Each structure stands twice: as C-alpha cells, then as structure tokens.
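Values in this document were obtained by computation on a predicted structure and should not be read as measured data. Chain A is the first sequence line, chain B the second, and so forth, proteins listed ahead of strands; every chain is numbered from 1.
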Protein chains: 2
Amino acid sequence: MSAISSRMAVAVHVLAYLAWRRDEPVTSERMAGSVNTNAVVVRRIMGALRNAGLVSVQPGVGGGAQLAREPHDITLLDVYRAVEEKEELFALHSQPCRHCDIGSNIRQVLQGVFCQAHHAMQGVLGQVTIADVFRQVQQQVRGGACAGAADSLAAAGTQHA
Amino acid sequence: MSAISSRMAVAVHVLAYLAWRRDEPVTSERMAGSVNTNAVVVRRIMGALRNAGLVSVQPGVGGGAQLAREPHDITLLDVYRAVEEKEELFALHSQPCRHCDIGSNIRQVLQGVFCQAHHAMQGVLGQVTIADVFRQVQQQVRGGACAGAADSLAAAGTQHA
DNA sequence: CGATTCCGAAACTACACTGGTTACAGTTAT
DNA sequence: ATAACTGTAACCAGTGTAGTTTCGGAATCG
C-alpha cells in the first residue's frame with residue numbers, strides 16, 4: 001500500500017529546477033511554487049540534499065540553493081539515498097517462532113531475496129541522472145506533450161532566462 | 001522510510017510453511033504460532049492469497065489452508081501482487097505548477113523512471129519461487145550457516161530509455 | 001439435530017509516517 | 001538596522017499498519 005514517500009519526487013523536481021536555473025540561487029519559496037507545496041517542506045528536503053552534498057544553500061538576501069555538482073554527476077540513486085534513509089525496502093516480520101524450521105530460518109532467506117530486489121531497483125535509479133531528467137523534460141516541452149507550453153517560460157521565469 | 005509492509009514477509013512465511021506441510025490443511029492458529037502473530041492477521045493475508053488463487057481454504061473441523069499450486073509454480077512476484085495492491089512503488093507529488101516547464105512535465109518523466117525501477121524489483125521477485133525459499137530454509141537447517149541467498153537469478157534489466 | 005472447529009469480516013485500538021502549517025531564531029547583503 | 005533568506009521545532013490532520021475482540025457462517029462429527 002504505502003508507497004515510497006513523495007519526497008523523492010519533490011527532490012528530483014527541485015534538482016531539475018536548479019539545473020534549469022543553473023547559475024543563480026533559487027529560494028525555497030520559488031521552488032515551493034513550482035512544486036506546489038509549502039516552502040518549509042522544500043527546506044526540509046533541501047536539508048537532506050545539502051547533507052548529501054548535492055546542493056549548497058546560502059541564507060540571507062540574494063541567497064537560496066544551487067547545485068553543488070554537475071547535473072550529469074547526480075544520479076537518482078544519490079537522491080534516493082539522500083531523502084529516504086530507509087535501509088531496507090521490505091519489512092521483515094519481527095519475531096517468528098524459533099522452535100520450527102521455517103520460523104527460525106525464514107528471515108535470513110527473505111533478507112537475501114529482498115536485498116537483491118532492492119538492489120535491482122537502485123540499479124535503475126543509479127543509471128539516470130538529473131541531466132537526463134532535465135533533458136527529457138525539455139524534450140517534452142518541445143514535443144508539445146503539454147498544451148500551452150509556449151508561454152510557460154514567461155509565466156514562471158521572472159528572472160534572467 | 002515506510003517500507004513495503006511485512007505482509008509480504010508473513011505471506012512468504014506461511015506459504016513456505018504450507019509447502020512444508022504439503023499434504024495436510026493447516027489452521028490459521030498454527031500458522032500464527034509459527035509467524036508469531038495473531039490468527040486474524042494471518043487470515044487477512046490468507047484471504048489475499050486465496051483471491052490470487054495461491055491457496056485454497058476450507059472451514060470447519062479438520063479444515064485449514066493448503067497450497068493451490070505447486071511450490072515451484074508460485075513466485076514471490078505472485079505473492080507481492082497478491083498482498084500489495086499498490087500500483088506504483090514511488091509516489092508522485094500531486095499538483096506541480098502547470099505554468100513552468102519543470103512542473104508541467106516532470107511527472108511524466110518521473111513516472112517513466114519509477115516504473116522501470118519498480119519493474120526491475122519485480123523482476124527479481126519473479127525469479128524466486130516458494131520452492132526456492134523452502135529449499136534455502138532447509139539448507140540453512142542442515143548447514144546452520146548464514147550463507148548468501150544468491151542462487152538462481154540474473155540481474156534484472158537495468159536499462160533506461 | 002447440535003456441538004465443535006474452523007474461517008471471514010467488521011470494528012476498534014495504538015502506533016508511526018507523511019505532508020502541511022505556523023512560529024521563531026540565526027545568518028547575510030544592502 | 002532592516003529586509004530577505006534559511007534552519008528547525010512544534011503541532012495538526014490524514015493515512016496505513018498491525019493487533020485484538022467479537023460475531024456470524026460453514027463444515028464435520030457424534
């Protein structure tokens with residue numbers, strides 16, 4: 001049921017935004033506007049990205065966040081590790097019966113399989129970079145996948161484009 | 001944070017248990033004893049496995065659950081689909097700004113990547129059967145060692161478009 | 001038949017995580 | 001100093017999970 005939190009999606013969104021505004025600091029307020037959430041939510045995620053060394057943040061007038069690495073040097077796996085401190089993707093049940101063969105051994109077997117499944121998922125994330133995401137977004141802009149994309153630049157980009 | 005629920009682990013546990021007691025019906029009470037949880041929790045999961053056609057359940061005296069398929073014909077992907085009705089592994093953020101390039105196109109891009117990651121994970125689960133799990137459990141019973149679970153699986157496709 | 005054994009499902013609880021919000025202290029440029 | 005930022009704590013509502021109790025229904029057996 002409960003999926004991986006949308007922090008991952010928001011983080012990639014923000015990083016793509018920073019890749020778009022590569023040369024200028026972006027405030028949490030503006031990022032929140034693009035994501036359509038609260039600035040504090042963005043700042044919480046920026047804190048995780050900063051701890052992971054993916055962005056640098058500066059307080060004060062004219063401050064904001066900037067990418068700390070090149071977009072092609074940030075994979076979605078980096079982002080995943082930064083914002084999802086979960087160590088295991090699958091939860092194990094806590095205390096199976098130690099007096100039967102199944103209960104006393106199932107956890108180790110499950111752990112092995114689940115770990116491999118987790119790694120396979122991370123393998124995909126590790127091969128996609130923020131630069132890839134940004135490029136795909138721009139391709140959709142050009143391809144007209146979203147109607148009204150022509151004036152979208154003027155609407156959101158209020159600073160030097 | 002929030003991992004995939006332990007229903008998956010419990011389900012594989014009970015299916016391995018049923019593979020062990022292949023010829024006799026097992027009551028939810030006994031399975032709950034092996035898993036170390038409440039019988040109602042087991043019955044809830046058995047309901048999902050029954051709906052998926054993995055087990056058959058019989059009420060009344062001498063009743064209980066039995067495998068409806070051969071253990072080698074039940075993959076962990078079958079179990080995953082039975083007990084986790086989640087359609088997507090990663091959550092997307094709900095309503096990004098439609099007036100900027102990033103916000104109006106990021107969701108489609110994210111959906112593609114996240115879908116591939118999910119499929120890679122499911123690919124691993126699809127290559128492990130209840131028979132595999134049961135065999136590994138028995139090997140641990142005999143060996144007593146915590147050997148690696150890596151056995152019969154190839155790396156899932158980690159290609160990105 | 002009626003008692004026993006078993007499942008199915010509803011209802012309720014406790015707990016944890018998520019995402020949104022307000023509030024306030026700290027930092028920086030002008 | 002003031003204004004513009006971040007960082008963080010605190011609180012809230014909504015949601016999912018897992019455990020528990022309780023009841024009704026189905027199947028078996030004496």
Just N and O in the side chain of A/Arg43: are any of them under 4.0 Å from OP1 or OP2 of D/dG7? no
Keeping A/Asn36 on the side-chain end and B/Gln95 on the backbone end, is there a donor-acceptor pair under 3.5 Å? yes
Specify the closest pair of heavy atoms between B/Thr75 and B/Gly126, including all atoms of both residues, with the distance to one decimal. CG2-O, 3.4 Å
Rounded to whole Å, the CD-C1' distance (B/Gln95 to C/dG19) equals 15 Å
Distance-minimising heavy-atom pair for B/Ala39 and B/Glu29: CB-OE1, 3.8 Å
Please determine whether a side-chain nitrogen or oxygen atom of B/Arg7 lies at a distance below 4.0 Å from atom OP1 or OP2 of D/dT17. yes
Report the distance from atom CE of A/Met8 to atom P of C/dG19, rounded to the nearest whole Å. 13 Å
Looking at A/Arg44 and C/dG20, is any side-chain donor or acceptor paired with a base atom of the opposite kind under 3.5 Å? yes
CZ of A/Phe90 versus P of D/dT17: gap in Å, rounded? 14 Å
It should be established whether A/Ser6 places a side-chain nitrogen or oxygen under 4.0 Å from OP1 or OP2 of nucleotide C/dG19. yes
Quickly work out the A/Asn51 CG to D/dT6 P distance and round it to whole Å. 16 Å
Residue met sooner reading DNA chain C from 5', once B/Ala65 and B/Ser94 are mapped to nucleotides: B/Ala65
Minimum-distance pair of heavy atoms, taken over all atoms of B/Glu24 and B/Arg30: OE1-NH1, 4.0 Å
Near-strand residues of residues 16-41 of chain B, defined as heavy-atom separation under 4.0 angstrom from DNA chain C: B/Thr27, B/Ser28, B/Val40
Interatomic distance, A/His93 NE2 vs D/dA18 P [rounded to whole Å]: 11 Å
Atom CZ of A/Arg50 to atom C1' of D/dT8: distance rounded to whole Å? 11 Å
If you take all heavy atoms of A/Ala65 and A/Met46, which pair is closest and at what distance? CB-CE, 3.4 Å
What is the separation between atom CD on A/Glu85 and atom C1' on C/dA16, rounded to the nearest whole Å? 13 Å
Give the rounded distance in Å between these two atoms: CD1 of A/Ile45 and C1' of C/dT18. 11 Å
If I compare all heavy atoms of A/Met8 with all of A/Tyr80, which pair ends up nearest, and what's the gap? SD-CA, 3.6 Å
Could you please spell out the steps behind the side-chain contact (heavy atoms from CB on, under 4.5 Å) verdict for B/Val14 and B/Leu49? CA-CA 10 Å; B/Val14 298; B/Leu49 298 179; 4.1 Å; yes
Looking only at heavy atoms, which two atoms of B/Gln136 and A/Val109 are closest? And how far apart? OE1-CG1, 3.4 Å
Listed pairs, N/O of protein and of nucleotides 26-29 of chain C, under 3.5 Å:
unit_1	atom_1	unit_2	atom_2	d
C/dT28	O2	A/Val61	N	3.4

Tell me the salt bridge (Lys or Arg N to Asp or Glu O under 4.0 Å) pairs involving residues 58-78 of chain A, sequence neighbours left out? A/Arg22-A/Glu70, A/Arg69-A/Asp78
So, is A/Ser2 near the phosphate of D/dT15, with a side-chain N or O under 4.0 Å from OP1 or OP2? no
